[in-house]
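Taking it in order: structure first as structure tokens, then the write-up.
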Amino acid sequence: MEEELKCPVCGSLFREPIILPCSHNVCLPCARTIAVQTPDGEQHLPQPLLLSRGSGLQAGAAATPTLEHDAAAGPACSGAGGSAAGGLGGGAGGGGDHADKLSLYSETDSGYGSYTPSLKSPNGVRVLPMVPAPPGSSAAAARGAACSSLSSSSSSITCPQCHRSASLDHRGLRGFQRNRLLEAIVQRYQQGRGAVPGASAAAAVAICQLCDRTPPEPAATLCEQCDVLYCAACQLKCHPSRGPFAKHRLVQPPPPPAPAEAASGPTGAAQGAPSGGSGCKSPGGAGAGATGGSTARKFPTCPEHEMENYSMYCVSCRTPVCYLCLEEGRHAKHEVKPLGAMWKQHKAQLSQALNGVSDKAKEAKEFLVQLKNILQQIQENGLDYEACLVAQCDALVDALTRQKAKLLTKVTKEREHKLKVVWDQINHCTLKLRQSTGLMEYCLEVIKENDPSGFLQISDALIKRVQVSQEQWVKGALEPKVSAEFDLTLDSEPLLQAIHQLDFIQMKLPPVPLLQLEKCCTRNNSVTLAWRMPPFTHSPVDGYILELDDGAGGQFREVYVGKETLCTIDGLHFNSTYNARVKAFNSSGVGPYSKTVVLQTSDVAWFTFDPNSGHRDIILSNDNQTATCSSYDDRVVLGTAAFSKGVHYWELHVDRYDNHPDPAFGVARASVVKDMMLGKDDKAWAMYVDNNRSWFMHCNSHTNRTEGGVCKGATVGVLLDLNKHTLTFFINGQQQGPTAFSHVDGVFMPALSLNRNVQVTLHTGLEVPTNLGRPKLSGN
């Protein structure tokens, strides 16, 4: 709450706050520093323009209650400004809308509405120097001179928060209401902190709040932003005038309370008003009688009628007034209401508005808790990811180390093989060389002999041996069998590229899809399911897999695979309970299943004739519930429903029956022949009937002729019991013959064949009747 109690100009707690026309508050001393005079060029404007800008000033200022403590000092602070303001706005009458009673200028309609913010002043508001006091004059006189200088000529004040300007009338700043409620709240807040003079009578001198000495040193400065008292040593150590503290404002600590001031009551507050001399009261004297925790605050009085208390509220001017204002003043013709009633009404409105703010604050607190949980999860997930990354990199290093060992083994084997081959070749060549050298030396010794007969005895053998020795050195025998180079090349470039390209990819298994139960529904024997991914999902999804059981608690089976998030499954069993679930997948794999949703199909079947599967001569109307034909030949039309289990009953009402035709009613497969009577092929089971009798027919076999036919207005009922696998027919509520067909199994669709002489209407969604009549006996 402290931020709400600080002045936007000086940054400290409000002192004598006044209410600007824009509803913002500012300290009265600060208001004097930011009020400026109108430029001289404004005085030379044409008279109508001056009136248009200043016509409402005097009346508007008169409509606003003045400050209580400045009421008596009006003449002293106004001086000659009263006549100047009167000359400017004298032509404006008191009648007019409230919006015209205050001159609020914006940047577009005045040349002095806003100013360039200054970095040397708090909150970017340009602070003008106070009017210097003449030598020997008191501070109150200096403030009176400042008020006079502001009101002696046309002046304005710019709100430091919204930057809207308001012109001052002859009363100057005293024309603005004093916010006594805010002043009282500030005083209570200071009392709660023990910072109000007089709240602690035992403290004679303000002491440093950071000293570790005993006793603490007296305070030398007070930081208005930190709201901390410092002694000289602690201020140099803890609050240097540089860095982030350079813009903080250091002021003298508050003076100790006087004994009389601490005990002053309402009388002291009443006496403080005229003590200002010329009328501009010092900031320290505001509400002195209200500083005590148990001292009653003075009840405010009307600034224009000092002896009268507020009793009514002017709705037009939005200000409290006294009864004299209603009788004699400008509020006589305004709408007024009781002060207490408007007080309660505005309190109720404020409370109602606070409820909305409280709800938003509660949501904000919950959101902050959520954000803090996210912070904690981010920290935990960050540590987990770091550990996972280290483990993955270590695994890569281990794999590279193992592969390095394998490659080194290959190099070692290759080296040993080459060395062995070379050593074998060296040994073999050395042996041959030794043998050849010995033979050569022997032959040379033989050649030296001079005995021809002895030489010839061995010369042939030696020649052969030399030739054989020469033949041993064949081509390639003096070439190395292996090269000194290693024919091993390690292609590490792809691996290096892969290492350089190694990076994180946002690819994880998709999360659990959320079923949108409000969009999941059933209709007849079809179900529709909808789902979505949870918010803040960053894992890509390539598609979804929808699974459904068999309606009897059996195994799940896939019924849809695709990217859509809405799917309808048709052709299910009636009166059955199905369980469905869905999961998402991407290139990383398949995510977990969603929660299982239970869907119940309809107890009874609602269907119509199918215009897509019927013969082209069939004519449908009445939303595909009425059928006839354009041909004299029998044509087949099917229903839109298919049955494979359960008990189903529907009726067909004969709307027209001419020339005794033979319509056929029954069930059929989807592939039934549609250009001849129903029942003539093996894909249909039917009863055909005329006006006198009926027959059952399947595979063109006619059985169970039964007396009794149909006419206009007759009703034919069809009962398909797939639990007992039977098909039964009824005419006008009476069973027609025995059970028509038994051992009926498979998938069947309602079917009908008729020609142009017959028109029937289909009725579905019927419960199985329990009061059907007994069967008629068949003719043969």
Quiz item: Counting only N and O atoms by type, is there a donor-acceptor contact under 3.5 Å from the side chain of T764 to the main-chain atoms of W606?
Solution: no
Practice problem: Indicate yes or no for a side-chain donor-acceptor contact from S701 to the backbone of C699 under 3.5 Å, with no hydrogens or angles considered. | Solution: no
Self-check item: Expected output: side-chain D610 to main-chain N612 donor-acceptor under 3.5 Å
Solution: yes
Quiz item: Mind checking whether F607 and F643 have parallel, tilted or perpendicular rings, split at 30° and 60°?
Solution: perpendicular
Quiz prompt | Y593 side chain to E547 side chain, donor-acceptor N/O pair below 3.5 angstrom | solution = yes
Quiz item: Looking at Y578 and D550, what are the two nearest heavy atoms and their distance?
Solution: CE2-C, 3.6 Å
Practice problem: Specify whether F741 and F696 have parallel, tilted or perpendicular ring planes, treating 30° as the upper limit for parallel and 60° as the lower limit for perpendicular. | Solution: tilted
Quiz item: Is there a donor in the side chain of D542 and an acceptor in the side chain of N586, or the other way round, less than 3.5 Å apart?
Solution: no
Practice problem: Would you please name every residue forming a side chain to side chain donor-acceptor pair (under 3.5 Å) with K674, sequence neighbours left out? | Solution: none
Quiz item: Any luck finding a side-chain donor-acceptor pair between D690 and H660 under 3.5 Å?
Solution: no
Self-check item: Side-chain heavy-atom pair E414, L488 within 4.5 angstrom cut-off
Solution: yes
Quiz item: Does any non-hydrogen side-chain atom of H24 lie less than 4.5 Å from one of C162?
Solution: yes
Exercise. Answer yes or no: is there a donor N or O on one side and an acceptor on the other, between the side chain of T565 and the main chain of A530, under 3.5 Å?
Key: no
Quiz item: Are any non-hydrogen side-chain atoms of P661 and Y632 less than 4.5 angstrom apart?
Solution: no
Quiz prompt | Any side-chain donor near an acceptor of the partner, Q736 and S694, under 3.5 Å | solution = yes
Self-check item: Straight-line distance of K406 NZ to K410 NZ, nearest 0.5 Å
Solution: 8.5 Å
Self-check item: salt bridge (charged side-chain N to carboxylate O under 4.0 Å, His left out) involving D721 - partner list, sequence neighbours excluded
Solution: none
Self-check item: Check: L754 and L752 side chains under 4.5 Å, non-hydrogen atoms
Solution: yes
Quiz item: Looking just at side-chain N and O atoms, do R693 and T706 make a donor-acceptor pair shorter than 3.5 Å?
Solution: no
Exercise. Measure the spacing between CG of L599 and OG1 of T577 and express it to the nearest 0.5 Å.
Key: 9.0 Å
Quiz item: Tell me, do T528 and K519 make a side-chain contact under 4.5 Å, heavy atoms counted?
Solution: no
Self-check item: Test salt bridge (charged side-chain N to carboxylate O under 4.0 Å, His left out) applied to D675 - qualifying residues, sequence neighbours left out
Solution: none
Quiz prompt | L529 and V527: CA distance, side-chain angles, deciding distance, side-chain contact (heavy atoms from CB on, under 4.5 Å) verdict | solution = CA-CA 7 Å; L529 294 106; V527 297; 4.0 Å; yes
Exercise. Find the distance between CG (L496) and CG (L502) and round it off to the nearest 0.5 Å.
Key: 12.5 Å
Exercise. Answer whether the closest heavy-atom distance between the side chains of F730 and V718 falls below 4.5 Å.
Key: no
Quiz item: Are Y657 and K712 linked by a side-chain donor-acceptor pair shorter than 3.5 Å?
Solution: no
Quiz item: Is the backbone N or O of T761 less than 3.5 Å from a side-chain atom of T626, with the two atoms forming a donor-acceptor pair by type?
Solution: no
Quiz prompt | Ring geometry between H698 and W685 (parallel below 30°, tilted from 30 to 60°, perpendicular above 60°) | solution = parallel
Practice problem: Nearest 0.5 Å please: distance from the CG atom of L495 over to the CG atom of L400. | Solution: 6.5 Å
Quiz prompt | Approximate separation, where rounding is to 0.5 Å, of N525 CG and I569 CD1 | solution = 11.5 Å
Exercise. Please check if any side-chain donor atom of H573 sits under 3.5 Å from a side-chain acceptor atom of N575, or the reverse.
Key: no
Quiz item: Can you check whether Q377 reaches L375 side chain to side chain, under 4.5 Å on heavy atoms?
Solution: no
Quiz item: Got S630 and R756 here, is their nearest side-chain heavy-atom distance under 4.5 Å?
Solution: no
